[in-house]
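Nothing here was measured: the structure is a model prediction, and the numbers come from that model. We name chains A, B, ... by the order of the sequence lines, and we start the count at 1 in each one.
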Amino acid sequence: MKLHVYNYLTRQKEPFKPLERGQVTMYTCGPTVYDHPHLGHAKTYVAMDVIVRYLRYLGNQVRYVQNITDVGHILDTGEDRILKGARRERSEPMEVVETYTRSYFEDMDALGVVRPNISPRASGHIPEQIEWIKMLLEKGYAYETPTGDVYFSVEQFPEYGKLSGQKVEEQEAGARVTIREEKRHPADFALWKRAEPEHILRWPSPWGWGYPGWHIECTAMATKYLGETFDIHGGGLDNIFPHNECEIAQAEAATGQSFARYWLLTGSLTVDGVKMGKSLGNFLTIKDALNLYTPEAIRFFILSSHYRSPVDFRRDAVLAAERGVERLHNTVRMLRKRMEDAMPSGTADLSYIAEIDPHRDAFIEAMNDDFNTPQAIAALFDLNKEVNSLLTADQPLGRGTLSAIDGLYRDLGGKVLGIIPDDLTQNVGGELVTGLIEIILDIRQRYRDAKDWEEADRLRHQLAQIGIEVDDRPEGPTWHVEHRGG
RNA sequence: GGCGACGUAGCCAAGUGGUAAGGCAGGGGUCUGCAAAACCCUUAUUCGCCGGUUCGAUCCCGGCCGUCGCCUCCA
């Protein structure tokens, strides 16, 4: 089966065909940089990362754009998130933005999330956003209030709600929408807000000094870099309304063209069964999580449920994921060690290579079905079991076989899922530490040769206490650093 | 009140109209000086509950119960 994706726009799985064969244009809503990124970001962006990685694995050239929201994200109090952050930290708004943008990339890098091709900042695209607002005003989809704000008129765009299934009439019944006098309809949303001089984040516009609304930035930046119509719009399901809906309304009202063709949205993340929130005391930043678990464990944990499903971040579940990913690493470590002194390739290699091919097929089959990573991981474990048997069996293995298997791990576990690093050797602490450990293991080996098990075990325990696990293998001892949730 | 998702073994989690992948944990065994790793065997007559459609439903339809998300800032 060719790649099929679940499109939120049509609420069904569809064959994925980019506008241009072999070229995929993709946009994902990025973070508002007013604080350190949290686990919710990790879930969404790791999931999107694997989608991008897989599309590339299939041979597509993917242009992946993800914005940085550094202005315009207005709270219902009418306050800008960034300004609020600046007040909290008693710093400049752009200082806040800089700090947390760096923090964001730092965490994404640590999680192995491949950087977007373009990370456009909202504040760097004010003229573009003004152009969009002008266009919407000209076409009658927006109106200016006497107070100098500009709103999008949802009543002028009958398709408003087509993505989320929300209907503006029903919204009114909820009565939870803040009623603003100047709005014609309660669901109308801001395109431009007037700002007084004391508001630092403000720009001149045809409607006076002010700043753009939250939704217009995504419309402006996505279309600027990807075209009026592009292939994939990704993001978290929790932004489907109103944010994604507003993006569509703005774009399609102004251009008359369809905006994103496929909407791929990720399920939300909860912590211990409930939504994460600072007030609930279960707010976990990615930095917190990285102190407790390995990046691969976090990725594996996220990818062990389907991207559209919600995921509950629980300690025991993440630890189980850590054990699982360690199992894969053990095999790959053994495999790579074995490669070092393997025999040259021979004809016997061919039969083994044929044996592992079905695992790649199973993996691709799973991923082609709307990026079914849990099933793809299962395929990886099936492979793993077979490889373990092969490695522990008492038979010579040629370099051809071993490197073919290693190539499979590098492709599927490395390039696509990002849970098996290309380099699993532990060069923590550099050559000095590595050298010291080798010396200690050498000493221990002498005790072992002398059958002084007590001393040998004592050294092993002492090393274990500082996180260095020593495994005695028939071919000699190996060691690696344990990173178990602390 | 509106929109939506989910409920599968102790835990996490795929899945199919014809009686259930994978991982973690547990039990038994092999290997090993021991440990670890690895391998073999084993752990759901059953997929929230009640009806319906069907020769047959965990998967389709209806109802109920429960959990969660969005509608207000969130990825």
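- Contact check, A:N330 against B:A37: no side-chain N or O comes under 4.0 Å of OP1 or OP2.
- Nucleotide B:C31 holds its C1' atom 13 Å from the CZ atom of A:R473, rounded to whole Å.
- Atom name C1', nucleotides B:U42 and B:A25: the rounded distance is 14 Å, in whole Å.
- On the P atoms, B:G62 is 27 Å away from B:C71, given to the nearest whole Å.
- The phosphate of B:A14 (OP1 or OP2) has a side-chain N or O of A:S309 nearer than 4.0 angstrom.
- Pair assignment for B:U72 gives none, since no Watson-Crick or G-U wobble pairing has each distance under 3.5 Å.
- Closest contact between the side chain of A:K275 and the listed nucleotides B:C71, B:G69, B:G22 involves B:G69.
- Residue-level contact check: A:R338 touches neither bases nor backbone, having no heavy atom under 4.0 Å from any strand.
- Within 4.0 Å (heavy atoms only), A:T478 reaches no atom of the nucleic acid at all.
- Within 4.0 Å (heavy atoms only), A:G30 reaches sugar-phosphate atoms of the nucleic acid but no base atom.
- A donor-acceptor contact under 3.5 Å is not formed by the side chain of A:T392 with the base of B:A38.
- The environment of A:Q12 atom CD is dense: over 12 non-hydrogen atoms of other residues, nucleotides or ligands sit within 6.0 angstrom.
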Fill in: side-chain contact (heavy atoms from CB on, under 4.5 Å) evaluation trace for A:V52 with A:Y57
CA-CA 9 Å; A:V52 172; A:Y57 172 75; over 6 Å; no
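- Contacts of A:K451 with the nucleic acid, taken as non-hydrogen atoms under 4.0 Å apart, are absent.
- Using a 4.0 Å heavy-atom cutoff across all strands shown, A:D238 reaches at least one base atom of the nucleic acid.
- When Watson-Crick and G-U wobble pairs are counted only if both distances are under 3.5 Å, B:C31 pairs with no nucleotide at all.
- Going from the C1' atom of B:A21 to that of B:U32 covers 32 Å, rounded to whole Å.
- The listed nucleotides are B:G22, B:C39, B:A35; the one nearest the side chain of A:A378 is B:G22.
- Among the atoms of the strands shown, only primed sugar atoms or phosphate atoms (P, OP1, OP2) are found under 4.0 Å from some heavy atom of A:H306.
- No salt bridge links A:D452 with A:R446; every basic N to acidic carboxylate O contact stays at or beyond 4.0 Å.
- A gap of 14 Å separates the P atoms of B:C68 and B:C12, to the nearest Å.
- Between the C1' atoms of B:C49 and B:U58, the separation comes to 14 Å (whole Å).
- Within the 4.0 Å cut-off from OP1 or OP2 of B:G15, at least one side-chain nitrogen or oxygen of A:N372 is found.
- Residue A:R308 is classed as having no contact, given no heavy-atom separation below 4.0 Å to the nucleic acid.
- For B:C64, the paired nucleotide is B:G48, the pair qualifying as Watson-Crick or G-U wobble because both relevant distances are below 3.5 Å.
- With values rounded to the nearest 0.5 angstrom, A:F371 atom CZ is found 9.0 Å from A:M48 atom CE.
- The side chain of A:K385 contributes no N or O atom lying less than 4.0 Å from OP1 or OP2 of B:G22.
- Comparing B:C39, B:A5, B:C34 by their closest approach to the side chain of A:N388 singles out B:C39.
- The partner of B:G26 is B:U42, by the rule that a Watson-Crick or G-U pair needs both atom distances under 3.5 Å.
- Distances shorter than 4.0 Å separate some side-chain N or O of A:R314 from OP1 or OP2 on B:C12.
- Pair assignment for B:A14 gives none, since no Watson-Crick or G-U wobble pairing has each distance under 3.5 Å.
- Look at A:T32 and you'll find a side-chain N or O under 4.0 angstrom from OP1 or OP2 of B:A75.
- Taking atom CD1 of residue A:I302 and atom P of nucleotide B:G23, one finds them 21 Å apart after rounding to whole Å.
- Going from the P atom of B:A36 to that of B:G29 covers 14 Å, rounded to whole Å.
- Cation-pi geometry between A:R63 and A:Y225 is not met at under 6.0 angstrom from the ring centre and within 45 degrees of the axis.
- Remark: P of B:C11 and CZ of A:F313 are 19 Å apart, rounded to the nearest angstrom.
- Nucleic acid contact class of A:L380 (heavy atoms, under 4.0 Å, all strands): none.
- For A:R444, the listed nucleotide lying nearest its side chain is B:G33; candidates were B:A36, B:G33, B:G15.
- Here, B:U46 and B:A20 have their P atoms 11 Å apart, quoted to the whole Å.
- Note on A:D457: a base of the nucleic acid sits closer than 4.0 angstrom, heavy atoms only.
- Contact annotation for A:V325: no contact, since no heavy-atom pair falls under 4.0 Å across all strands.
- The shortest side-chain heavy-atom distance between A:L191 and A:H215 does not fall under the 4.5 Å cut-off.
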Practice prompt. With side-chain contact (heavy atoms from CB on, under 4.5 Å) as the test, would you mind laying out the steps for A:F259 and A:Y27 before giving the verdict?
Written response: CA-CA 11 Å; A:F259 185 53; A:Y27 184 86; over 6 Å; no
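- A gap of 37 Å separates the C1' atoms of B:C39 and B:C6, to the nearest Å.
- Residue-level contact check: A:G324 touches the backbone only, with heavy atoms under 4.0 Å from sugar-phosphate atoms and none from bases.
- An OP1 or OP2 oxygen of B:A25 is reached within less than 4.0 angstrom by a side-chain nitrogen or oxygen of A:R323.
- An OP1 or OP2 oxygen of B:C39 is reached within less than 4.0 angstrom by a side-chain nitrogen or oxygen of A:R327.
- Contact check for A:R11 versus A:N7: no side-chain heavy atoms found under the 4.5 Å cut-off.
- Between A:F152 and A:F189, the ring-plane angle classifies as parallel under the 30° and 60° cut-offs.
- One donor-acceptor pair, N or O on each side, does fall under 3.5 Å between the base of B:C34 and the side chain of A:D472.
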